[in-house]
Novice: 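First the structure, which I've put down as structure tokens, then a few questions once you've had a look.
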Amino acid sequence: MCGIVGYVGLNDSIDVLLGGLSRLEYRGYDSAGVAVIDETGTIRTRKRAGKLAVLAGDLKSGAMETSHTGIGHTRWATHGAPTDGNAHPHLGDDGKLALIHNGIIENFSPLKQELLDEGFAFESETDSEVAAVLLGREYRKTNNLREAFQNVVARLDGAFTLLAVHENEPGLVVGARRNSPLVIGLGDGENFLASDVAAFVEYTQNALAIGQDQIVSITPDKVEVTDFFGAPVEVEPFEIQWDASAADKGGWPSFMAKEISEEPDAVANTLRGRIDADGQVVIPELNGLDELFVDINRVVVIACGTAAYAGQTAKYALEKWAGIPVDVELSHEFRYREPVITPQTLVVSISQSGETMDTLMAVKYASEKGAKTLSICNTQGATIPRESDAVVYTHAGPEVAVASTKAFVAQITALYLFALHLARVRGTQSAEVLAEQSAELLAVPAKIATILEESGVVEELARWMSDSRAVLFLGRHVGFPIALEGALKLKELAYIHAEGFAAGELKHGPIALIEPGQPVFVVVPSPRGSAMLHSKVVSNIQEIRARGAKIIAIAEEGDAAVLPFADTVIRIPLAAPLFEPLLAVIPLQIFAMELAIAKGLDVDQPRNLAKSVTVE
Ligand code: F6R
């Protein structure tokens, strides 16, 4: 939530900041602003409610002077409506200092009162302006931006990344972070600070990950990182594995369309280098941890939203292959009760961004309680993997569209790899069985590619159904989390009421929702996998059809049993039952995207959402 970028160097900072913000807009898009120190040494600020394009248009029409130091922000409102006045940057020290913020300052109220009592004035309703005014007050005492930061962070509760510039110190951007993301980009004669490497990957692929509770300052040729008390700390360098083109639309009408088209690669890249010539899964990042994996007696998976559905899907494989009990929980529910955790509990977090605050807090809580923690993450340098004992990266590439698609299939892939790794290490399956499963995994990218090639039926269906008021999704076994994910995609992209149910649960209540014409998607399991499960789902279809439901079945090639009862059948290639979710979800993603397009909606930036949810 909120994207921030800071720049010092030879380029024009407005260009760099706007370019960076455009790549961070997925983090928040209700207002945007920049502050630069111009060549006369004066702070110039421009901020506008609305998407970044509004600010960019404004900057073009009223050109700002060239500058080489600046900060920029794209906002997802928490405190105060998305207005010009509440947009960042906020000013302090009589306008000589500008500050941007991502996170929530929980004690802003008493701090604001303290500053009001001292005669300071405020222009916005935000918690962030309190940090700007406080920093201005501390600057007056110290005449040093870095020292002023040390004084300020000592007073703040909550989560924050702050960046600031001061007129008296042109060529310097100072930042601080606690529980919100911040990475450093190392250029040649220029340096960057940003919420995410996407903001500066166009200029450099060399980055530094900053730890919690650290302060960083950048000048064109120097980077300094200290703890909150000013003591120097080591930072971890890493190379960004993708280039700027990976974060562009590349000719596609939307990031979402591009990212769905990349799903075969997202799976293939996540598998690469992790299955040996004998078909055994060996995850190099987990070398040396065999003893830990043998020692555990329970797995708890924590995640939110789509990532949690990836966890629910993988539970079946983890239990079947590795023979270990698995609980899947929403991070925010896990964190605020008293879950039973022992040193033999492995807590596996799943997060595309690696920054989701609910999941981060749950990981920290699990560590404090003595659990071992493993992160499944798509973003290098992110906080959650850094707070975990081990990480298995998904290699889906940058996901820019707010609703997750390719990251979901990459997450299931990584979790399946982990399940096979665990099964090998714990000796719960023979080498033959494990090799069969990895062969199934290796076949997934080509099968997804086939579904993408034949997506015409789904696109047409979405156009017909664009007036639907409610859509239901049913599934059993691994089809159940896919039904939940199909419903989530439709809600967030097309703003249509949608619900997913376990098909077996229908008769226990939800069947009352069925009335003539009600569209219901049914994820039909393969009859080859389990004839019993298949026939039960076919019976469920008949039950709702008898009450007037319009059935859209997602069924494997050749499954004729569904034909008499379905209004539309969407075919997926044959796969072993546990691998069907990786295929069945694709038409559901395409359906939600196409229906949103048919309604004229922005599929990349749905209303009220932000991609990286860095507040609790
Ligand atoms: C839905 C979606 C969200 C995220 C959730 C977790 O399309 O994208 O539900 O899956 O906010 O985000 P990460 O994976 O970044 O922790």
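Everything numeric here is computed off the predicted structure, so don't read it as measured data. Whatever order the structure lists them in is the order used to number ligands and atoms, beginning at 1. Residues: numbered from 1 along the sequence shown. Note: hydrogens, waters and symmetry copies are ignored here, and every other heavy atom, side chains too, is used.
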Novice: Considering the heavy atoms of A403, write down every atom of ligand 1 situated less than 4.0 Å from one of them.
Specialist: 7 (O)
Novice: In ligand 1, which numbered atoms sit nearer than 4.0 Å to a non-hydrogen atom of Q352?
Specialist: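 Result: 13 (P), 14 (O), 15 (O), 16 (O).
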Novice: Within the structure, does T359 bring an N/O atom to less than 3.5 angstrom of an N/O atom in ligand 1?
Specialist: no
Novice: I'd like to check which ligand 1 atoms, numbered from 1 as shown, lie under 4.0 Å from a non-hydrogen atom of S351.
Specialist: 13 (P), 14 (O), 15 (O), 16 (O)
Novice: After noting the C-alpha distance and the side-chain angles of N378 and T394, does the key distance pass the side chain to side chain donor-acceptor pair (under 3.5 Å) rule?
Specialist: CA-CA 5 Å; N378 196 42; T394 49; 3.0 Å; yes
Novice: Only one of Q352, E259, E263, E262 forms a side-chain hydrogen bond (donor to acceptor under 3.5 Å, both in side chains) with K406, so which one is it?
Specialist: E262
Novice: Quick one: closest heavy-atom pair of A322 and A419, and the distance?
Specialist: CB-O, 4.1 Å
Novice: For E492, counting its heavy atoms only, list the atoms of ligand 1 lying under 4.0 Å from any of them.
Specialist: 1 (C), 7 (O)
Novice: Nearest protein heavy-atom contact for atom 15 (O) of ligand 1: which residue, which atom, what distance?
Specialist: S353 OG, 2.6 Å
Novice: For atom 5 (C) of ligand 1, find the nearest protein heavy atom and state the residue, atom name and distance (0.1 Å precision).
Specialist: C304 O, 3.5 Å
Novice: Would you call D602 and R607 a salt bridge, using N to O less than 4.0 angstrom?
Specialist: no
Novice: Give a yes-or-no answer on whether the side chains of S245 and D243 include a donor-acceptor pair shorter than 3.5 Å.
Specialist: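 The answer is yes; a qualifying pair exists.
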Novice: Check for me whether V402 has a heavy atom closer than 4.0 Å to any atom of ligand 1.
Specialist: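 Distance cut 4.0 Å: V402 passes for ligand 1.
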Novice: Could you work out, with salt bridge (charged side-chain N to carboxylate O under 4.0 Å, His left out) as the rule, every residue matching R274, not counting sequence neighbours?
Specialist: E285
Novice: Looking at A307, which atoms of ligand 1 are within less than 4.0 Å of one of its heavy atoms?
Specialist: 10 (O), 14 (O)
Novice: Please report which non-hydrogen protein atom sits nearest to atom 2 (C) of ligand 1, along with the residue it belongs to and the distance in Å to one decimal place.
Specialist: T306 OG1, 3.7 Å
Novice: Taking only heavy atoms of G305, which atoms of ligand 1 are found under 4.0 Å from at least one of them?
Specialist: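 Per the distance check, 9 (O).
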Novice: Provide, to 0.1 Å, the distance between atom 12 (O) of ligand 1 and the closest protein heavy atom, together with that atom's residue and name.
Specialist: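 Checked against all protein heavy atoms, atom 12 (O) of ligand 1 sits closest to T356 OG1, 3.5 Å.
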Novice: Output all residues satisfying side-chain hydrogen bond (donor to acceptor under 3.5 Å, both in side chains) with D196, sequence neighbours left out; order by chain, then residue number.
Specialist: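 Applying side-chain hydrogen bond (donor to acceptor under 3.5 Å, both in side chains) to D196 gives Y26.
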Novice: Do S404 and E399 have a side chain donor and acceptor closer than 3.5 Å?
Specialist: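 Indeed, the side chains of S404 and E399 share at least one donor-acceptor pair under 3.5 Å.
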Novice: Any donor-acceptor pair under 3.5 Å linking the side chain of D389 with the backbone of T373?
Specialist: yes
Novice: Should you measure from each heavy atom of K489, which atoms of ligand 1 turn up under 4.0 Å away?
Specialist: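 It comes down to these atoms of ligand 1: 1 (C), 7 (O).
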Novice: Nearest protein heavy atom to atom 11 (O) of ligand 1, by residue and atom, and its distance?
Specialist: V613 CG2, 4.1 Å
